[in-house]
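To keep things clear, I will list the structure first and then write my remarks on it.
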Amino acid sequence: MTNQNGQATIPSRTGPSAPRGPPLPTTTALYGACVLRLSTLFVRTLREDPADAEVPSHRLLVRAGYIRRAAPGGFTWLPLGWMVYRNVERVIREEMDRAGFQEVHFPALLPREPYETSGRWTEYGDSLFRLKDRRGNDMLMAPTHEELFTLLVKDLYSSYKDLPLWIYQIQTKYRDEARPRAGLLRGREFVMKDSYSFDIDDAGLDESYQQHRKAYIRTFDRLGLPYVIVGAVSGAMGGSHSEEFLAPLDAGEDEFVRCENCDYAANTEAVQMPVAAPVPYDDAPAAKVLDTPDTPTIATLVDLLNARDDLARSDRPWGAADTLKNVLMMVRQPDGERRPLAIGVPGDRELDLKRLEAQLHPGEPQPFTEEDFAAHPSLVKGYIGPGALGEANGVRYLVDPRVADGSRWVTGANAKSAHVAGLVAGRDFNADGMIDATVIADGDQCPACGGRLRIARGVEIGHIFQLGRKYAEAFGLTVLDADGKQVTVTMGSYGIGVSRCVAAIAEATLDDLGLCWPAAIAPADVHVVIAGKPGSDQFPAAEALAVELEAARARVLLDDRVGVSPGVKFADAELLGMPTIVVVGRGLADGLVEVRDRRSGERSDVPLDDVVALVTTR
RNA sequence: CGGGGAGUAGCGCAGCUUGGUUAGCGCACCUGCUUUGGGAGCAGGAGGUCGCGGGUUCGAAUCCCGCCUCCCCGACCA
C-alpha cells in the first residue's frame, strides 16, 4: 500500500471496518509507528499573536497550536499540548511513585457534607463551584481534597502500625476564580497533583515533609524548570512549616525575596524581620511634648523638626525613621465583631496590606472610618501616640520589630498639634505585641544575615506544608498507639500545579522564535524538516531517517507537508520548539543534512549516516 | 467587586465620529497552474445571525437603553 505522497503504509490499526482517517505510516520496528507527521497532525499554527493573550507562554502555546481556550478559565489541549502535559504528569508520577507514594483517585464532584464538617463550605466563599443534584442536594466541584483524603484514611486505618502512609492523586480541580488570567497559569479548571502524609507524631511528620521536599526537588530538576524554595505562610490551612516552590518568572503572581549573600528566600508575605536589639536607655532624657501645629503627616513633622534650632540633633538631621507612625484600623473577626487595632511602625515604612492580612488571619483588616474616630474620642487623627493605645485603652497596640526596647521616637501626643519627642520604648510605653507587616523593599536587610534582599516575581508551582491535625481533628482521624491509646494523626499536604507547570516551563524556556522545550517534556526529540520539492530525493531520505531515528528510540516529528515552503517549515519548527531540528534539504546531494540545536541556534552539516548517533547522544 | 480597554469570517484588523449599494482588507482555508533553503506568485472560490436582547428610523455594524463575554490593573485566591 502507498498513500498519495508515495509513502509506504501499513493498514490502520482499527482495521478495514474503519475506512476513514489516514493510513498509519509504515515503520519497521515497534517504535516507528509513532512518527508524528505534520501533514496529518491535528494542529494549526498561527502567524499572528492571539489578541487575548498577553503573557508570552499563553501567546505561544496558542500560536503553536498546543492549547485553545474553550471556556472562561478553561482550555482544550490539542495533541502537541496534551503530549507535553502527559510528559509533565509522567515525570511527576514517576517521582511520586519512586518516593514511596501510592496513587489514588477521587471524584471531582463531591457532596457538601465533608466540606461542611471542615468548615470550608462557607470559608471558601465565592471561589467554590457549587451545584445541586436533581434531588436538591448541595454538591461542589472540589477545589482541593484534604477532606476526602482524611476520610479515606479514617475509613481504612486504625493502628499506628499502618503509619506513616503517603498517598496522592492527580486530579482536575475547580475554583471559581474572580479573574482567570495568563492562560494555563491561573484557570478555573486545572490539574493538580496533591499528596498527603499521615504520621503518628511530629517527628514522623517532619520526616515525611523532608522526604517530600526531596521528591519535589528531583521532580522540578527533571522537568527542567528553574525554581526557588521560599518560606511561605500557611494561611488558612494552619500548620507550622510551609514552603513554596516558585519558578522565578515575571509572569508570576507571587512576590518573593532572595538574599544576595546567604540562601535566605521567602515569599514577601512570609518575611519575618528580626526583633531589633534592645538599646540601653538609662541616660535618656525625659520625653518632651512639642508644639507642632499643622503636622498631620510624617513629612510635615520631619520638616518642622529640622526647621527648629532648639530641636536640632547633634549627629544628623531628623528623618522619617526617627518618628513612630501609628496606623489605626478595625479588624473584623470571623464572628463579625470589629475591634480597633493600632500598629506602630517607623515613619519611613508603609504597611503592606497583603502581609498584614496574612498575619491577622482569620481577622480581616478594614479602614478606620470617621465613624470609628467618633466612637473613640481619645484618638486624635494625625497625632496618635502610644499614650492613648494599648489594651488598657481598648485599642490593641502592636509594633514593628524595629521598635526595640530603649529606642527613642518622635510620635503623636494625642492632642491636636502636639507631638512628643524622646519617647523611649520600654520606659515610656509598652506595646501589646509585635507585628511585622511593613512593605518589603528591594535592598532591605536580610533577616538571616543582614545582607541585601532582592525582590522578584514567581509562579507557585509547588507548595509543601505541615498541615498538622486540623483535618484529622475535624474528622476524628485517630489511631491506636503502642499503648492502646487513641492518638490524633498528623498530616502533611503537598501540591504541584501540573497544568500550571506546562505554562511555567514554556514561560521559562521560550525565546524570540517560539517555544523551546526541555527534552524531558518535549512532544518529540527531533523535528525533521523536509526542505525539498515533492517527489524529490529529500522525501524518501527523510522518511527513512525518521524511521531510523525512531528505531533508535528517538521520538520524531516529521514535517512531511507538501507545497509548504521551506521558510514556513523553518519558522514552524522554531515555533513548535523541539530540542533538535534536522533539515533534509539541498545538502542531501552530498550526503549531508543540517542538525540545529533549537536553544543555542547552533547548526552543523553532518553526514546522513551520523545523524542517528549524533541525535540520540545529545 | 472597583478602574481601564475591547467584542465585525478560524486568526489579526478596518469600517462606527457624520445611519444609506451586495460589510472590507491581510493571514489561514478550497481549485488550477507556476514556485521550493527563511512565513512564494498568478487566477478563481468558499466562509459573516457585525457579542445578545430591545428601541429610534423608510433604512442600523454605525444612534439610544439593558445585558453578556474577553483582556489589563487592583481586590480576591489550600
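Remark: A/R181 is in phosphate contact with B/C73, judged by side-chain N or O atoms under 4.0 Å from OP1 or OP2. Residue A/R47 places at least one side-chain N or O under 4.0 Å from the OP1 or OP2 atom of B/A28. An OP1 or OP2 oxygen of B/A40 is reached within less than 4.0 angstrom by a side-chain nitrogen or oxygen of A/S565.
At a threshold of 4.0 angstrom between heavy atoms, the contacts of A/R603 include nucleobase atoms, whether or not backbone atoms are also involved. If you check every strand for non-hydrogen atoms under 4.0 Å, A/R44 touches sugar and phosphate atoms only. Counting non-hydrogen atoms under 4.0 angstrom, A/A51 reaches the backbone sugars and phosphates but no base. Residue contacts for A/E594: at a heavy-atom cut-off of 4.0 Å it reaches a base atom on one of the strands shown.
A donor-acceptor contact under 3.5 Å is formed by the side chain of A/E574 with the base of B/G38. One can find a donor-acceptor pair under 3.5 Å joining the base of B/G39 and the side-chain atoms of A/D572. If you check distances only, the side chain of A/R596 does reach the base of B/G38 with a donor-acceptor pair under 3.5 Å.
B/A14 is unpaired under the Watson-Crick or G-U wobble criterion, no partner having all donor-acceptor distances under 3.5 Å. Of all nucleotides present, none satisfies the Watson-Crick or G-U wobble test against B/U56 with each distance under 3.5 Å. Shown here, B/U69 forms a base pair with B/A6; the pair counts as Watson-Crick or G-U wobble because both key distances fall under 3.5 Å. Look at B/U21: it lacks any Watson-Crick or wobble partner with both distances under 3.5 angstrom.
In this structure, CG of A/L185 is placed 15 Å from C1' of B/C71, rounded to the nearest angstrom.
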**Message:** Before you tell me yes or no, could you show the steps for A/D559 and A/R561 under salt bridge (charged side-chain N to carboxylate O under 4.0 Å, His left out), namely the whole-Å CA-CA distance, both residues' side-chain angles and the distance that decides it to 0.1 Å?
**Reply:** CA-CA 6 Å; A/D559 192 345; A/R561 291 176 294 179; 2.9 Å; yes
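Expressed to the nearest 0.5 Å, how far OH of A/Y168 lies from CG of A/D194 amounts to 11.5 Å.
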